[in-house]
Novice: 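For reference, the structure I am asking about is given below.
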Amino acid sequence: MTDTRALAAQALAEIALKGASLRDAMERHARKLPDSRDRALLMALLSEGARWWLRFDPALDRLLEKPLRQKEPVVHALLVLGLVQLEILGLQDYAAVAATVEATRALKKPRLAGLVNAVLRRWQRERESLLVALDADPRTRHAHPAWLATAITRDWPAQADTVMAADNCEPPLMLRANRRFGSREALLERLRVDGQTATSHDWLADGIVLPHSVDVTRLPGFDDGAFAVQDGAAQVAADLAELRDGLRVLDACAAPGGKACHLLERADIDLTALEFDAQRGERIRQNLMRLRLNAKLVMGDAGAPKGWWKGLPFDRILIDAPCSATGVLRHRPDVRLHRRGSDIPALVAQQQRILAALWPLLAPGGRLLYITCSLLRAENEGVIAPFLAAHADAKAIPFELPVGQAATVGWQILPGDGDLDGMYYAAIEKS
């Protein structure tokens with residue numbers, strides 16, 4: 001029988017110390033756990049372990065005479081998970097400590113079991129003073145890397161603490177009802193009959209909210225394509241696109257296909273889903289198939305249309321630009337471990353390249369949506385404002401959303417606004 005905590009420690013060490021993605025690590029290791037309850041525990045441990053690594057990893061330096069990070073990385077990760085169980089998941093102290101010590105033995109490290117027990121017991125004894133020390137340091141208080149905490153404070157000084165606190169909260173599970181399958185009300189009834197606490201979103205026409213994450217593959221309607229998982233901030237794109245039947249639409253950088261599928265559910269359009277990475281392109285194809293939707297799936301570089309464009313202009317273009325993903329730390333907590341401040345200039349250059357390359361493909365009178373899941377101004381209005389200044393035929397379309405705030409150009413949803421992820425939108429019309 002596989003010990004779930006031992007498995008989680010191995011996976012967390014890969015994520016935090018070797019750069020593996022949480023999604024990939026979870027998928028690889030979850031296969032070893034046949035029981036859905038063990039898989040749920042593994043997901044909780046990995047999500048919260050990645051989310052709070054930057055708080056509890058430094059805390060261990062206060063608890064250990066000699067660090068284990070290099071010589072025993074998996075045991076180090078297990079200790080982080082021990083603190084996560086005590087402080088974040090709220091497990092009973094005795095159960096969390098005993099299970100973590102037992103996981104040390106499951107890792108075939110019995111000689112370190114006593115040390116693991118001693119460290120967790122010391123945390124319990126000195127908890128109050130240790131928490132005061134951790135809260136005194138901005139990095140460990142919010143478990144954000146220093147560069148990101150500085151950038152958020154610079155760009156959003158009045159909202160910085162609220163944003164970082166929102167990043168550390170479990171988000172609700174949001175679904176998007178597939179209009180081509182049936183009504184949202186009918187799906188809500190199916191979910192409620194199944195015992196789910198499901199409600200319609202206040203202002204997103206296709207949105208359904210469940211308070212906690214569940215195994216969506218077991219929900220009624222999943223295999224039929226009745227719904228998709230999509231945060232509400234991403235569902236805004238279909239409204240801003242202002243679709244009607246017959247339009248030619250390009251979804252650039254389309255993987256995993258959530259926005260493309262939503263557009264196809266809204267209107268009878270001729271949609272091209274463009275993706276550079278073949279593996280990510282396969283995810284688009286899988287989502288289209290499950291939702292019973294049709295699109296032209298094209299592999300190519302959005303910044304080099306000559307390699308794939310057939311010469312016919314598009315009426316709508318969505319650029320879901322590659323970005324820092326700093327707006328989605330609630331759903332992707334490992335981003336804070338892997339992203340660096342030095343990445344931002346290269347991302348901005350790529351965003352500018354894609355925007356400039358795709359603008360000529362938009363038909364006169366057409367609309368382009370520039371979208372990022374970033375809250376950094378450099379990637380958002382810092383890209384759009386210079387583009388508008390350099391293109392006389394480009395005009396920003398003003399709009400307002402029920403949550404978020406107007407940026408210099410476009411609209412910014414910050415993490416936690418309306419309990420949504422952070423996302424930036426700009427709508428541009430070609431004269």
Side-chain angles (χ1 to χ4, degrees), residues 23 36 39-40 43-44 47 166-167 169-243 251 254-267 269 271 283-284 286-293 295 318 320 327-332 369 371 373 401-404 411 413-423 425:
R23 178 192 175 95
S36 61
R39 292 195 297 273
M43 186 73 249
S47 294
D167 286 341
C169 295
E170 179 195 3
L173 175 64
M174 297 197 67
L175 308 180
R176 185 190 75 240
N178 182 355
R179 292 187 181 190
R180 295 193 178 272
F181 182 89
S183 70
R184 177 171 67 170
E185 289 68 29
L187 178 58
L188 277 166
E189 182 59 26
R190 291 182 70 183
L191 292 169
R192 289 165 181 161
V193 169
D194 188 59
Q196 303 298 327
T197 304
T199 58
S200 58
H201 193 274
D202 291 341
W203 54 273
L204 291 166
D206 303 314
I208 292 176
V209 183
L210 281 72
H212 301 290
S213 180
V214 299
D215 183 352
V216 295
T217 64
R218 296 176 178 269
L219 293 178
F222 178 82
D223 291 333
D224 300 329
F227 67 87
V229 177
Q230 187 179 43
D231 186 77
Q235 295 185 37
V236 170
D239 291 329
L240 295 181
E242 291 198 350
L243 296 175
D251 183 359
K259 296 182 182 67
C261 289
H262 198 188
L263 298 179
L264 290 164
E265 292 164 6
R266 284 287 185 91
I269 56 176
L271 185 137
R283 291 185 62 197
I284 302 174
Q286 292 170 356
N287 283 323
L288 288 167
M289 288 183 62
R290 188 180 66 81
L291 296 168
R292 279 63 164 176
L293 300 169
L318 269 70
D320 194 355
V328 294
L329 298 191
R330 300 193 313 164
H331 281 100
R332 297 175 56 191
L369 290 181
I371 309 164
C373 53
L401 298 175
V403 299
W411 193 268
I413 302 172
L414 292 174
D417 286 348
D419 214 2
L420 304 180
D421 280 347
M423 195 155 292
Y425 284 96

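Note that the numbering runs from 1 along the sequence shown for the chain.
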Novice: Under the salt bridge (charged side-chain N to carboxylate O under 4.0 Å, His left out) rule, what pairs show up with a residue in residues 233-242, not counting sequence neighbours?
Specialist: Asp239-Arg266, Glu242-Arg367
Novice: Which is it for Phe222 and Val229 under the side chain to side chain contact (heavy atoms under 4.5 Å, CB included) test, yes or no, and what are the steps along the way?
Specialist: CA-CA 10 Å; Phe222 178 82; Val229 177; 5.9 Å; no
Novice: Which residues pass the side chain to side chain contact (heavy atoms under 4.5 Å, CB included) test with Met289, not counting sequence neighbours?
Specialist: Arg285
Novice: Provide the full list of salt bridge (charged side-chain N to carboxylate O under 4.0 Å, His left out) pairs with a residue in residues 186-196, sequence neighbours left out, each pair given once.
Specialist: Arg190-Asp224
Novice: Can you sort out the partners of Asp215 under side-chain hydrogen bond (donor to acceptor under 3.5 Å, both in side chains), two or more places apart, ordered by chain and number?
Specialist: Thr217, Arg218
Novice: Distance check, rounded to the nearest 0.5 Å: Leu369 atom CG versus Leu240 atom CG?
Specialist: 5.5 Å
Novice: Only counting residues at least two apart or in another chain, list the ones meeting side-chain hydrogen bond (donor to acceptor under 3.5 Å, both in side chains) with Arg179.
Specialist: Asp206
Novice: Could you tell me which residues satisfy side-chain hydrogen bond (donor to acceptor under 3.5 Å, both in side chains) with Arg39, sequence neighbours excluded, listed by chain and number?
Specialist: none
Novice: Apply side chain to side chain contact (heavy atoms under 4.5 Å, CB included) to Arg292 and list each qualifying residue two or more places apart in sequence or on a separate chain.
Specialist: none
Novice: Under a 3.5 Å distance rule, please check whether Arg184 uses its side chain to pair with a backbone N or O of Gly207 as donor and acceptor.
Specialist: yes
Novice: Measure the CG-CG distance between Asp167 and Leu329 for me, rounded to the nearest 0.5 Å.
Specialist: 4.5 Å
Novice: Go through the structure and list residues passing side-chain hydrogen bond (donor to acceptor under 3.5 Å, both in side chains) with Asn287, not counting sequence neighbours.
Specialist: none
Novice: Identify, with sequence neighbours excluded, every residue that meets ring-ring contact (aromatic ring centres under 6.0 Å, His included) alongside His331.
Specialist: none
Novice: Checking Arg180 side chain against Leu293 main chain: does a donor-acceptor pair fall under 3.5 Å?
Specialist: no
Novice: Any non-hydrogen side-chain atom of Asp419 less than 4.5 Å from a side-chain atom of Val209?
Specialist: no
Novice: Is there side-chain contact between Leu187 and Phe181, with heavy atoms separated by less than 4.5 Å?
Specialist: no
Novice: How long is the gap from OG1 on Thr199 to CD1 on Ile208, to the nearest 0.5 Å?
Specialist: 8.5 Å
Novice: Hey, could you give me the CG/CG distance between Leu420 and Leu204, rounded to the nearest 0.5 Å?
Specialist: 6.5 Å
Novice: I'd like to know if the side chain of Trp411 and the backbone of Met423 have a donor-acceptor N/O pair within less than 3.5 Å.
Specialist: no
Novice: Could you check whether Asp421 pairs with Arg332 (Lys NZ or Arg NE/NH1/NH2 to Asp/Glu carboxylate O, under 4.0 Å)?
Specialist: no
Novice: Going by the side chain to side chain donor-acceptor pair (under 3.5 Å) test, which pairs reach into residues 226-236, not counting sequence neighbours?
Specialist: Arg176-Gln230
Novice: Could you grab the distance from atom CD1 of Ile284 to atom CG of Asp251, nearest 0.5 Å is fine?
Specialist: 7.5 Å
Novice: Using the salt bridge (Lys or Arg N to Asp or Glu O under 4.0 Å) criterion, which residues pair with Arg290? Sequence neighbours excluded.
Specialist: none
Novice: Can you list the residues that meet the side chain to side chain contact (heavy atoms under 4.5 Å, CB included) rule with Ala237, with sequence neighbours excluded?
Specialist: Lys259, Leu318, Ile371, Tyr425
